[in-house]
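Read the structure below first, then the notes.
So you know, we letter chains A, B, ... as the sequences are listed, proteins then strands, and number each from 1.
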Protein chains: 2
Amino acid sequence: MHQQAHELTEAAVQTLFVQHHLRFTRQRYAVYRALACEDIHPTADQLYQKLTDNKSGISLATVYNTLEALVKSGLAQKLADGGTSARYDASVDDHLHLRDRATGSLMDVPVNLGKRLLDNLPDNILKEIESELGFSINRVQIELVGEYAGN
Amino acid sequence: MHQQAHELTEAAVQTLFVQHHLRFTRQRYAVYRALACEDIHPTADQLYQKLTDNKSGISLATVYNTLEALVKSGLAQKLADGGTSARYDASVDDHLHLRDRATGSLMDVPVNLGKRLLDNLPDNILKEIESELGFSINRVQIELVGEYAGN
DNA sequence: CCTATACTTGTAATGGTTCTAAGTTAGAAA
DNA sequence: TTTCTAACTTAGAACCATTACAAGTATAGG
Ligand SMILES: [Mn+2]
Ligand SMILES: [Mn+2]
Ligand SMILES: [Zn+2]
Ligand SMILES: [Zn+2]
């Protein structure tokens, strides 16, 4: 697995793309930057709007194509919204999501907190599920559903 | 919270519907029965096909309407497929799902196993997430992603 | 029974996503 | 640097799951 870019300079992202066998284009750079600097998990259209505002000169089809390429190459993940449209996440590491029942929005749980929870799952029970069901668990995806206290 | 019907007789389901303030109709009974007796988590169209085969005399619009009514009243839940169409689940109790990476299919983890895992989550970390983020956790939704050993 | 209200249904509309086919470009090779 | 080709971009059409609509029908309470 390749390392995640914390820098979003042209050079850094180009390197990242090369490592993932993706051609580096103006449009892909713009989409990746817009996605990676977002704390929310934007839809394809939200990214398109944002880029159009910035006059990046990109088509909606390319936003979709790029997101598909990023997901396929492991630089992003596609999240089911539960609603109408898909959401995209530039964090591919295991991390938890917080879903606000009121708005439906998805937020990341800070990585350190999330990792502590994932590391403290009852491993014996997971093993038991695996052996009992003949299933090999690859990833445990957790979503904390609730609401912000200030509501 | 009302009790889940383990019997799917007309009388039992009618009682369930009355408790949930839903009118009892031939079509809703058919949809609920078809959903509740499924071990998979069918799409609206899968239910429609199944009912059409059985000459239940029901329209696709009604399948959608009924599923929406069931979800709104708490008798079913809507699951994001990750793919194109939504999946429905007559189990509203907390339970885990197994996602087969190969096929994308969703299966239930047997309730006893799932409950043991949920009961053994590190509660202190959950509390910490709540206080740290000012978020009140209502439900912990877990999906085990992997593949069946026989592949 | 009667009636009000909720439900059903065929069909049209919606909207996110994918497809197509024609131009353009990145990046490798010479 | 020049050339070449596979990969990428794009506008618009197509697709398809879901929702909206409007006209008929059935449920359940009084
Ligand atoms: Mn994120
Ligand atoms: Mn189920
Ligand atoms: Zn995330
Ligand atoms: Zn389930």
Once salt bridge (charged side-chain N to carboxylate O under 4.0 Å, His left out) is applied, do any residues pair with [X], and if so which ones, sequence neighbours excluded?
X: B:Lys50; result: B:Glu38
X: B:Arg33; result: none
X: A:Arg116; result: B:Glu128
X: A:Asp94; result: none

Can you give one letter per nucleotide of nucleotides 19-30 of chain D, going 5' to 3': B for a protein heavy atom under 4.0 Å from the base, S for sugar-phosphate only, - for none?
-> B------BBS--
Pairing residues for B:Val111 by the side chain to side chain contact (heavy atoms under 4.5 Å, CB included) criterion, not counting sequence neighbours |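 With neighbours one apart ignored, the set is empty.
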Test item: A:Arg26 side-chain N/O and A:Ser56 main-chain N/O as donor-acceptor pair under 3.5 Å |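 Such a contact is found between A:Arg26 side chain and A:Ser56 backbone.
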Could you say whether A:Ser59 or B:Asp45 is positioned toward the 5' end of DNA chain D, judged by the nucleotide with the nearest heavy atom to each?
->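 First, find each residue's nearest nucleotide; the 5'-ward one identifies A:Ser59.
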Separation of D:dC8 C1' from A:Gln27 CD (nearest whole Å) |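 It works out to 8 Å between those atoms.
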Please give, in whole Å, the distance from D:dA17 P to B:Gln46 CD?
->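 Between P of D:dA17 and CD of B:Gln46: 11 Å.
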Between which nucleotides of DNA chain C, read 5' to 3', does contact with chain A run, using atoms under 4.0 Å from its heavy atoms?
->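 Endpoints of the contacted stretch of DNA chain C: C:dG16 to C:dG27.
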Can you give each donor-acceptor pair under 3.5 Å made by side-chain atoms of residues 66-74 of chain A, sequence neighbours left out, with the distance rounded to 0.1 Å?
| unit_1 | atom_1 | unit_2 | atom_2 | d |
| --- | --- | --- | --- | --- |
| A:Thr66 | OG1 | A:Thr62 | O | 2.8 |
| A:Ser73 | OG | A:Ala69 | O | 3.2 |
| A:Ser73 | OG | A:Leu70 | O | 3.2 |

Quantify the bending of the helix from C:dC1-D:dG30 to C:dA30-D:dT1 as the angle between its end axes, each fitted on five pairs, to 10°.
->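 About 40°, once rounded to a multiple of 10°.
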Give me the other members of the hydrophobic cluster that B:Val18 sits in, counting Ile, Leu, Val, Met, Phe, Trp and Tyr linked by side-chain heavy atoms under 4.5 Å, directly or via other members.
->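 None; B:Val18 is a cluster of one.
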Connected hydrophobic set around A:Leu79, excluding itself, where side chains approach under 4.5 Å |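 Besides A:Leu79, the hydrophobic cluster comprises A:Leu106, listed by chain and residue number.
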When we call it a touch if two heavy atoms are under 4.0 Å apart, what does B:Ser85 touch: a base, just sugar-phosphate, or nothing?
->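 The residue B:Ser85 makes sugar-phosphate contact but no base contact.
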Check every strand shown and say whether A:Ala69 touches a base, only sugar-phosphate, or nothing at a heavy-atom separation below 4.0 Å.
->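 Here A:Ala69 touches no strand at all.
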Just say parallel, tilted or perpendicular for the rings of B:His95 and B:His41, cut-offs at 30° and 60°.
->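 Rings of B:His95 and B:His41: parallel, under 30°.
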A:Arg139: side chain to side chain donor-acceptor pair (under 3.5 Å) partners, not counting sequence neighbours |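 In terms of side chain to side chain donor-acceptor pair (under 3.5 Å), with neighbours along the sequence ignored, A:Arg139 is linked to A:Gln141.
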